[in-house]
Amino acid sequence: MIDPRLLRDDPDRVRAALAKRGLPDDPVDVALGADEERRSSIADYERLRAEQKQLGKQIPRATGEEKADLLARTKVLAADVKSAEAAQTAAEEDWRAALMDIPNLAAEEAPAGGEEDFALLETVGAPRDFAAEGFEPRDHIELGRMLGAIDIERGAKVSGSRFYYLTGPGADLEMALTQLAMDQARSHGFTTVIPPALVRPRAMEGTGFLGQAADDVYRIEGEDMYLVGTSEVPMAAYHSDEILDTARLPLRYAAFSPCFRKEAGSHGKDTRGIIRVHWFDKVEMFVYTTLEDSFAEHRRLLEWEKEFLDCLGLAYRVIDVAAGDLGLSAQRKFDCEAWIPTQERYREVTSTSNCTDFQARRLDIRGRFEQGTAPVATLNGTLCAMPRIIVAILETHQQADGSVRIPEALRPYLQGREELKPVADG
RNA sequence: GGAGGUGUCGCCUAGUCCGGUCUAUGGCGCCCGCCUGCUAAGCGGGUUGAGGGUAAUCCCCUCUCGCGGGUUCAAAUCCCGCCACCUCCGCCA
């Protein structure tokens, strides 16, 4: 939710921000009108209510005819108060709904436009040249099968398309990656967390996943509960309705959780393999800090993401995501895209967003500052999304015989193994 | 899942039976001031949050006693629903 004050004081800035995302600006006028309506209904209600309280105070002291008269007047007034209150509640709801529809204002620096309009920030490492090495790389599906690491057929049999089993070295790899990621995060002062993956609507809505993105969310039938698509959801809601001690900021958490996504509207995309799946596990960084510090913190999250990719020996590039592709909550977003040899292109493996005070305002998370309380800033960043990192590792570090060299950083978590070797059919 | 209990402005707590004098009591903590050679003690004052009137630190008003409804002229207080926690029983990893 954007700052209602900003909308009232400088609506043109909000209009410009919508335009930058390629969206129409009529929500601005809707919200402004709702704000007018809201404030006049508040004034109406409060005037009636104050009168009612005044008269009510006189009743216990009054007697006889005077009392009967007061009772008659307050009885009428009570009905007026009731309808004024209902009008006020309705106006507040309309106003809030209108405000909730407006996405966060994109950063000045974020490129304008849609998905294709990202800005390339940097390229790290060079894609491996398999032609020069004299062999054709195998894709992760084939490697996963040869190594006994990924079982896509049985995943489909049991759960349907876009499901998989990680087995043997595949399962080991996920565990190792999880521990490596958690160790890295811990060393940078993060608190490790395992959050609930099932949440109430409040958490989902507060993080911005129940608007246009609702199609992608699994809901539990008859329960009013949702499966989270990322631990950003339970971690943002973690401090909801709290006033944080600003001396303790930033609060940094590294959360491991399963993630569930319907992937509605992506039919036909990435149908093979485990690039795009309905369920995966992920280690996510989540930070609460001040608005002023959030921009520097965003850069720090990006550096920690790069540190993780670097120690896995992956080639990747970093992009500054365009305004139109930011999603509802983000003010700015950086994606790291790893080179996938058999696709011969860079694919998103991590993503970090600065949501400024947008989610904090929705979830009522404030800090106590000298001037009073104010919403804090929330940021999130992927440390390790398992399937995509496993894909990148398998394809990048494969050898001609189908074995895969294990990056040194992972070896301590894989019983010292230096490579994964193909196995006979399972 | 069943039965019973509890939920008050940071923490503890009075008030709820029997509706109005609750503008919610007191203690602790915290903040400001006084006193004191310093410290402690003592004395005085302040200390939930949100919204509206306002551009506004002052001032006025409304809401806020877990949340949402209802009854009533009037609800912390009475009624209903929900949520959380505690105790016991059942079940379970």
Side-chain angles (χ1 to χ4, degrees), chain A residues 1-13 31-100 194-206 220 222-226 234 237-249 251 257-258 288 357-376:
Chain A
M1 180 164 130
I2 62 165
D3 186 352
R5 190 110 241 155
L6 175 73
L7 178 76
R8 203 186 295 168
D9 294 344
D10 195 0
D12 283 340
R13 215 178 121 200
L32 280 174
D35 191 27
E36 284 290 327
E37 190 63 31
R38 164 179 156 270
R39 282 187 289 160
S40 75
S41 70
I42 286 171
D44 288 347
Y45 163 71
E46 289 186 353
R47 183 174 43 76
L48 288 166
R49 176 66 179 156
E51 189 183 351
Q52 181 189 37
K53 288 179 70 170
Q54 276 305 314
L55 292 181
K57 269 184 193 159
Q58 299 170 26
I59 289 177
R61 286 180 274 131
T63 50
E65 204 171 305
E66 190 191 1
K67 186 162 190 168
D69 183 50
L70 275 172
L71 283 174
R73 283 168 64 195
T74 49
K75 190 149 193 161
V76 175
L77 201 52
D80 292 347
V81 167
K82 203 166 190 172
S83 63
E85 188 183 12
Q88 188 209 319
T89 304
E92 298 246 23
E93 274 168 12
D94 289 349
W95 170 72
R96 195 174 166 80
L99 216 51
M100 295 274 266
I194 299 182
L198 213 48
V199 299
R200 294 196 173 155
R202 172 89 196 286
M204 227 41 176
E205 184 174 66
I220 305 298
E223 286 276 321
D224 216 13
M225 296 281 282
Y226 297 87
Y238 187 56
H239 287 299
S240 56
D241 299 322
E242 293 181 23
I243 298 177
L244 304 175
D245 176 4
T246 43
R248 291 184 53 222
L249 298 177
L251 291 172
S257 83
Y288 296 85
D357 52 3
F358 187 86
Q359 292 177 331
R361 198 170 274 115
R362 290 172 156 231
L363 290 165
D364 195 18
I365 307 161
R366 289 165 290 166
R368 196 180 296 282
F369 300 91
E370 297 211 346
Q371 318 87 310
T373 63
V376 297

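Naming: A, B, ... by sequence-line order, numbering from 1 per chain. Note that the structure is predicted; figures quoted are calculated from it, not measured.
Side chain of A:Glu46, nearest nucleotide from B:rG52, B:rG49, B:rA50: B:rG52. Among the nucleotides B:rG52, B:rC63, B:rC61, the one closest to the side chain of A:Ala50 is B:rC61.
Rounded to a whole Å, the NZ atom of A:Lys57 is 11 Å from the C1' atom of B:rC22. Here B:rC63 presents its C1' atom at 9 Å from NZ of A:Lys53, a figure rounded to the nearest Å. Put simply, CZ on A:Arg368 is 11 Å from C1' on B:rC30, counting in whole angstrom units. Rounded to whole Å, atom P of B:rA55 lies 8 Å from atom CG of A:Asp9. Computed from coordinates, the A:Leu48 CG to B:rC61 C1' distance equals 13 Å when rounded to whole Å. B:rC67 atom C1' lies 11 Å from atom CG of A:Asp241, rounded to whole Å. Between A:Glu36 atom CD and B:rG53 atom C1' there is a gap of 14 Å when expressed in whole angstrom units. Rounded to whole Å, atom C1' of B:rU62 lies 14 Å from atom CD of A:Glu51.
Among the heavy atoms of the strands, none lies under 4.0 Å from A:Arg202. Contact annotation for A:Arg47: no contact, since no heavy-atom pair falls under 4.0 Å across all strands.
Remark: B:rC30 base-pairs with B:rG46; criterion is Watson-Crick or G-U wobble with both hydrogen-bond distances under 3.5 Å. Both distances falling under 3.5 Å, in either a Watson-Crick or a G-U wobble arrangement, place B:rU87 opposite B:rA3. Pairing of B:rC73, defined by two Watson-Crick or G-U wobble distances under 3.5 Å, is identified with B:rG20.
Not counting sequence neighbours, the partners of A:Tyr288 by the ring-ring contact (aromatic ring centres under 6.0 Å, His included) test are A:His239, A:Phe286.
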Which pairs, protein N/O on one side and nucleotides 72-76 of chain B N/O on the other, fall under 3.5 Å?
from: B:rC73; atom 1: OP1; to: A:Lys75; atom 2: NZ; distance (Å): 3.1
from: B:rC73; atom 1: O4'; to: A:Thr74; atom 2: OG1; distance (Å): 3.2
from: B:rA74; atom 1: OP1; to: A:Gln52; atom 2: NE2; distance (Å): 3.4

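Between B:rA75 and B:rC18, the two C1' atoms lie 14 Å apart (nearest whole Å). Taking the P atoms as reference points, B:rG5 lies 16 Å from B:rC82, given to the whole Å.
One distance of note links CG of A:Asp357 with CG of A:Leu363; it measures 12.0 Å at 0.5 Å rounding. Separation of atoms CD1 (A:Ile2) and CZ (A:Phe358) is listed at 8.0 Å; rounding is to 0.5 Å.
Across all their heavy atoms, A:Ser240 and A:Ile365 have their closest contact at CA-CG1, 3.7 Å.
For B:rG53, the OP1/OP2 oxygens have a side-chain nitrogen or oxygen of A:Arg39 closer than 4.0 Å. Distances shorter than 4.0 Å separate none of the side-chain N or O atoms of A:Arg38 from OP1 or OP2 on B:rG51. Between A:Thr373 and B:rG49 there is no side-chain N or O to OP1 or OP2 distance below 4.0 Å.
Toward the 5' end of RNA chain B, the nearer of the two residues A:Tyr45 and A:Ile243, judged by each one's closest nucleotide, is A:Ile243.
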Go through the steps for A:Arg39 and A:Arg8 under the test side-chain contact (heavy atoms from CB on, under 4.5 Å), then give the verdict.
-> CA-CA 12 Å; A:Arg39 282 187 289 160; A:Arg8 203 186 295 168; 3.6 Å; yes
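Side-chain contact between A:Arg96 and A:Arg38 is absent, with no heavy-atom pair separated by less than 4.5 Å.
Dense packing is recorded around OH of A:Tyr45, with more than 12 heavy atoms of other residues, nucleotides or ligands lying under 6.0 Å away. For A:Ile220, the CD1 atom counts as densely surrounded, since its 6.0 Å shell holds more than 12 non-hydrogen atoms of other residues, nucleotides or ligands.
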